[in-house]
Each structure stands twice: as C-alpha cells, then as structure tokens.
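Notes follow once the structure below has been shown.
FYI, the numbering just counts along the sequence from 1. Bear in mind the structure is a predicted one, so any value in this text is a computation, not a measurement.
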Amino acid sequence: MNALRAEWTKFRTAPGNLWLLTAVVVVTVAGGAATIASVRTGDLAEYSLTGVQLGQAVVAIIAALMVGGEYRTDMIHTTLTATPRRLTVPAAKAVVVAGVVAVSGAVSVTVSLLVGREIRPGLVPAEEAVLRAAYGSVLYLILIALLTVGVAFAVRDTAAAIGVVLGLLYVFTIVAQMVPDPEVRTELQQIAPMSAGLAIQATRDLADQPVAPWDGLGVLALWAAGSLLIGGVSFRLRDA
C-alpha cells in the first residue's frame, strides 16, 4: 500500500499529468465526432469510438512518462531506497497507471457515445454489442498503458518507450494492411496489437473480421503481459 500511495502521489503532483488525462478525453471524443459526422449509415457505437485510435497515443505518453520520468531525473534511486523490493515498483506503477487510464477511458468512451448520438441520432446502434464495444474500448486503453509501462522499464527512456509503442501500434498495423497476400495480411492483422485489440469495437459482420472481438483483445493482453514480464525482469536484474 505504501508503494501504491507513493506512486499515486508522484502521479498527481507531476506537472502536466492532469492535462494529459484531459487530452485523452478531448482527443478521443474529437476523433470519434469527426468520424461519425462524415458518415450517413452504419453503426453508432463503432463509428463513435474510432477516436480511441488517437487517444491511445496520449495514453502511451502518460505511461511512458510515469516510468521514464524517474530515469530522466534520477529519482529512481530514491524510489528504490524507499521501496527496496524491486518488483514492487513496476507493479505499483502499473496499478496506478491502469487506474487513471481506466477513469479517463471510461469518461472518453461515454462522452464519445453521447456525442455520436447527438450528431447522428438516426444511426441505429447494435444494442447487443454496444456494451461490449464500450467496456472493451476502456480495457483496450488500459492494456495499451500496461504495454507501455513494460516497454518503458525495458528501455528506461521516455522517448524511446513512446517510439517503440507507437511503432507497434501504428507502423505494424499499416505494414500489415499493405501486404499484398490476403492470407499473410490477415495473419498479421490477427497478431498486430492495435488491429487485434480494436476488434473489440466491431459490432457488425463479425464473421468477416480478421479476429473475433474478445480473441483480439486477448492478443493485446498477451502483448501487454509479455511487455510487463520483460520490463519487470529487466528492472529486477539490471542496476537502476
């Protein structure tokens, strides 16, 4: 509990974190609003939540700063003096980051759906899939945050962690879409963290998707778990 309290204190007192959390909401809602304003038919939930693809970048920045900031200021030594059990530190950071992202993600998703309904009241949501898409989008953002925490502990640098995560999310997905062979393209989309994870938002034609919604989110969870494992082991074995 002391480690969690310490990490929460660091997070809420760090300059800029409140603005970044606000940016998650603003960017996510704005992205969804722009998308749904450009369509006339389709599913309300699926289009309203497209802003998550933008909001995840801010989430990655928040998580990377949570870890990399301590290495930049050399405060990591103070942290380890106060919390000598090494694995407690990444665990506490992961819990705090997941918590704040869960709150901002829930607000983002809720407001995005409300704004989407106001912009296009005629669009009919797939009611049986709305809750799954909404809850799944929040879980998606949490998993992106955890993925970034693990990467940040592995590379020990804020900019490098952001670059690695954004590369995995955007570049991997773009490359997968450009592959000419449809079978290979589908396989890459099934393992790419962003395309697989965002399958949770699909509300129509699920049989035509590269991966099922919960299966796709499970793929992202594996990426996050692997990242946390590598980052935790790296932090445990290396000098601070």
Side-chain angles (χ1 to χ4, degrees), residues 20-63 94-149 165 169-170 173 189-190 192-225:
L20 285 171
L21 288 175
T22 303
V24 173
V25 179
V26 172
V27 170
T28 302
V29 174
T35 299
I36 203 163
S38 66
V39 300
R40 293 292 182 272
T41 61
D43 183 76
L44 176 68
E46 192 171 345
Y47 286 128
S48 296
L49 297 176
T50 54
V52 169
Q53 297 181 40
L54 300 177
Q56 66 183 351
V58 186
V59 166
I61 293 171
I62 293 171
V95 170
V96 170
V97 169
V100 296
V101 169
V103 174
S104 62
V107 173
S108 301
V109 167
T110 302
V111 176
S112 293
L113 291 172
L114 292 175
V115 169
R117 190 180 293 274
E118 286 296 316
I119 295 175
R120 286 286 180 264
L123 290 186
V124 179
E127 296 293 349
E128 70 281 0
V130 169
L131 288 179
R132 187 250 297 150
Y135 292 144
S137 294
V138 177
L139 290 174
Y140 176 87
L141 291 173
I142 293 172
L143 289 172
I144 294 299
L146 295 178
L147 171 67
T148 308
V149 168
V165 172
L169 295 178
Y170 297 111
T173 300
Q189 290 173 336
Q190 289 173 341
M194 186 169 93
S195 59
L198 287 177
I200 196 66
Q201 294 181 345
T203 57
R204 299 173 299 153
D205 304 322
L206 299 184
D208 297 330
Q209 300 297 323
V211 61
W214 288 112
D215 291 346
L217 198 65
V219 170
L220 177 58
L222 290 176
W223 276 93

### Query
Can you name the side-chain hydrogen bond (donor to acceptor under 3.5 Å, both in side chains) partners of T173, sequence neighbours left out?
none
### Query
Say you draw a straight line from CD1 of I61 to CG of L20; how long is it, rounded to the nearest 0.5 Å?
6.5 Å
### Task
Could you point out which residue of Q56, Q201, R132 forms a side-chain hydrogen bond (donor to acceptor under 3.5 Å, both in side chains) with S137?
Q201
### Task
Quick one: pull up CD in Q209 and CD1 in I200 and give me the separation to the nearest 0.5 Å.
11.5 Å
### side-chain contact (heavy atoms from CB on, under 4.5 Å) partners for A57, two or more places apart
L166, Y170
### Task
Could you tell me whether the side chain of Q190 and the main chain of P210 form a donor-acceptor pair under 3.5 Å?
yes
### CA sep, side-chain torsions, deciding dist, call: V115, I119, side chain to side chain contact (heavy atoms under 4.5 Å, CB included)
CA-CA 6 Å; V115 169; I119 295 175; 3.7 Å; yes
### Query
Does any non-hydrogen side-chain atom of V107 lie less than 4.5 Å from one of V111?
yes
### Task
Using the test side-chain contact (heavy atoms from CB on, under 4.5 Å), find all partners of L222 that sit at least two apart in sequence or belong to another chain.
none
### Rounded distance [0.5 Å steps], CG in L220 versus CG in L198
8.5 Å
### Message
Taking side-chain contact (heavy atoms from CB on, under 4.5 Å) as the definition, give me every residue that meets it alongside S112, ordered by chain and number, with sequence neighbours left out.
### Response
T28, V29, L49
### Query
Taking the side chain from S104 and the backbone from V101, do they hold a donor-acceptor pair closer than 3.5 Å?
yes
#### Entry: Y140 vs V109, side chain to side chain contact (heavy atoms under 4.5 Å, CB included): CA-CA, chis, key distance, verdict
CA-CA 11 Å; Y140 176 87; V109 167; over 6 Å; no
### Query
Can you list the steps and then say if L146 with V97 is a side chain to side chain contact (heavy atoms under 4.5 Å, CB included)?
CA-CA 8 Å; L146 295 178; V97 169; 5.8 Å; no
### Partners passing side-chain contact (heavy atoms from CB on, under 4.5 Å) against A199 (at least two apart in sequence or in another chain)
V211
### Message
So V219 and D215, do their side chains get closer than 4.5 Å, heavy atoms only?
### Response
no
#### Entry: Separation between OH of Y47 and CG of L113, rounded to the nearest 0.5 Å
15.0 Å
### Summary
T50 and G31 have their tightest heavy-atom pair at OG1-O, 3.8 Å
### Query
Out of L141, V138, V59, V27, which one pairs with V52 under the side chain to side chain contact (heavy atoms under 4.5 Å, CB included) rule?
L141
### Query
What is the distance from atom CG of L143 to atom CG of L217, rounded to the nearest 0.5 Å?
5.5 Å
## Note on the structure
Here the gap from L147 atom CG to M194 atom CE, rounded to the nearest 0.5 Å, amounts to 13.0 Å
### Query
Taking C-beta and beyond as the side chain, do I62 and L21 meet within less than 4.5 Å on heavy atoms?
yes
### Task
Mind checking side-chain hydrogen bond (donor to acceptor under 3.5 Å, both in side chains) for S48 and listing every partner two or more places apart, or none if nothing turns up?
none
